[in-house]
Amino acid sequence: MSLEAHLKRLITSQGAISVARFMHEALAHPEYGYYQQQQPFGKEGDFITAPEISQMFGEMIGLWCTSMWQKMDTPHEIALIELGPGRGTLMTDLLRGTKHVKGFHQALSIHMVESSVKLTALQQETLKHYKNITWHSRLEEVPEKRFLLIANEFFDALPIQQYIKTAKGWCESMVGMNDEGQLSFAHLPSLAHEHLHTYHNNAPEGAIVETCPAAHSVMEHIAERAKLHGGGGLLIDYGYNSPPYQSSLQAVKAHRYHPMFENIGEADITAHVDFQALATSLKDIPYQLTTQGEFLESMGIHTRKEQLLHHALPKQRTDIESAYKRLVEPEQMGELFKVLMFMRW
Ligand code: SAH
């Protein structure tokens, strides 16, 4: 059976499903889900993430981790948690880049949180030379202790709910079936939703609001851990600081946008991350919001690029320059990708 047939059966038996349920089935279904099936990353895959563009990305995150560790007074024991590690590239670059920092690796116990069986196997292969790494399918399984947490393009994979303001009031955007029996979006009246009335009362007609209950619960869990044990986090994703009032739900296959309801399970589906909502879930934990470009420059990516250029062959030089530009320039990833950092001692 295909994912499409599975979804149609679900809708026939219980009515239209939420966008969140649709995203969850398309990405995480144990048999047909995108992350269980595909090799999403890299040139041959469906999209390229920052760690796959250049080693400099993971190295800068490594520098952030060591500087936080030093600010914490170099504790002898700390958990380094990565959410959604993909191919394990970021962690590999981070560990290689920090191996000369005295005492840092000895202090680390590394915890990879990955829900895909296939990607877990790939990460285990990539990182087989490192000790002290354990894998978990949920953050809740990671032992409770002081931590540093990193996540790149993790939150954009979490299922969102969508609401739309119509002439008749707020509706929820759901996935149902049209008269031809094809999957399609349907706007169904939503129960008066407190969040919509509190935060989006002045939204114009046609405005679409997206919420991500899964991101909210992950953030609340992280905030609770930080309060109990101390910890810092660095979250990077494609996202916005104030709601754009339009749909950000998108499917991508082989580096191109793909129709949402075609070949479900074969295209990646993401939504942009609402950074203000993530920050709000941190409650009273101090945080800072910035852009990927500013973050990487503040960690010294320019100097690192110059160092790499110094040792590079002419062909490699062009690659290094273009990777650098892709990561930091505002019209490339520099501004669209946002960074949320927090720290609780
Ligand atoms: N951080 C990587 C990969 C980003 S893609 C990079 O930058 O290249 C998203 C990753 O999150 C994948 O590894 C996917 O399998 C994982 N993932 C998605 N939803 C998850 C969930 N609910 N729990 C744990 N991992 C999840």
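When a ligand or atom number is given, it counts from 1 through the structure's own listing order. Predicted model only: the values in this text are computed from it and were never measured.
Of the protein's heavy atoms, N152 ND2, 2.7 Å lies nearest to atom 7 (O) of ligand 1. Residue, atom and distance of the protein heavy atom nearest to atom 22 (N) of ligand 1 are L158 CD2, 3.8 Å. Among all non-hydrogen protein atoms, the one lying nearest atom 11 (O) of ligand 1 is G84 CA, 3.2 Å. Here the protein heavy atom with the shortest distance to atom 21 (C) of ligand 1 is S115 OG, 3.5 Å. Atom 9 (C) of ligand 1 has as its closest protein heavy atom E153 O, 3.3 Å.
No option in E141, Q123, H111 other than Q123 meets the side chain to side chain donor-acceptor pair (under 3.5 Å) test with W135.
Summarising the geometry of P85 relative to E114, their closest heavy-atom pair is CD-OE1, 3.4 Å, with the distance given to 0.1 Å.
Inclusion of T49 in the set of residues having an N or O under 3.5 Å from an N or O of ligand 1 is warranted. Some N or O of G86 is nearer than 3.5 Å to an N or O of ligand 1, by distance alone. Annotation: E114 places an N or O atom under 3.5 Å from an N or O atom of ligand 1; distance criterion only.
Close contacts between ligand 1 and P51 involve ligand atoms 6 (C), 7 (O), 8 (O) [criterion: under 4.0 Å to a heavy atom]. Near F154, with a cut-off below 4.0 Å to any heavy atom, the atoms of ligand 1 are 11 (O), 20 (C), 21 (C), 23 (N), 24 (C), 25 (N), 26 (C).
In this structure, L90 has no heavy atom closer than 4.0 Å to ligand 1.
Note: Y245 and H200 have perpendicular aromatic rings, judged against thresholds of 30 and 60 degrees for the angle between ring planes. Using cut-offs of 30° and 60° for the angle between ring planes, the Y240 and H272 rings count as tilted.
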Would you check, one step at a time, whether the test side chain to side chain donor-acceptor pair (under 3.5 Å) holds for S247 with Q162? CA-CA 8 Å; S247 173; Q162 262 191 351; 2.8 Å; yes
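At a heavy-atom distance under 4.0 Å, only side-chain atoms of L119, from C-beta outward, approach ligand 1.
Connection of L296 to I48 is established within a shared hydrophobic cluster, with ILVMFWY side chains joined at heavy-atom distances below 4.5 Å, either directly or through further cluster members.
Cation-pi check for K305 over Y324 is met; the charged atom lies under 6.0 angstrom from the ring centroid and within 45 degrees of its normal.
Residues F22 and F261 place their aromatic rings such that the two centres sit under 6.0 Å apart.
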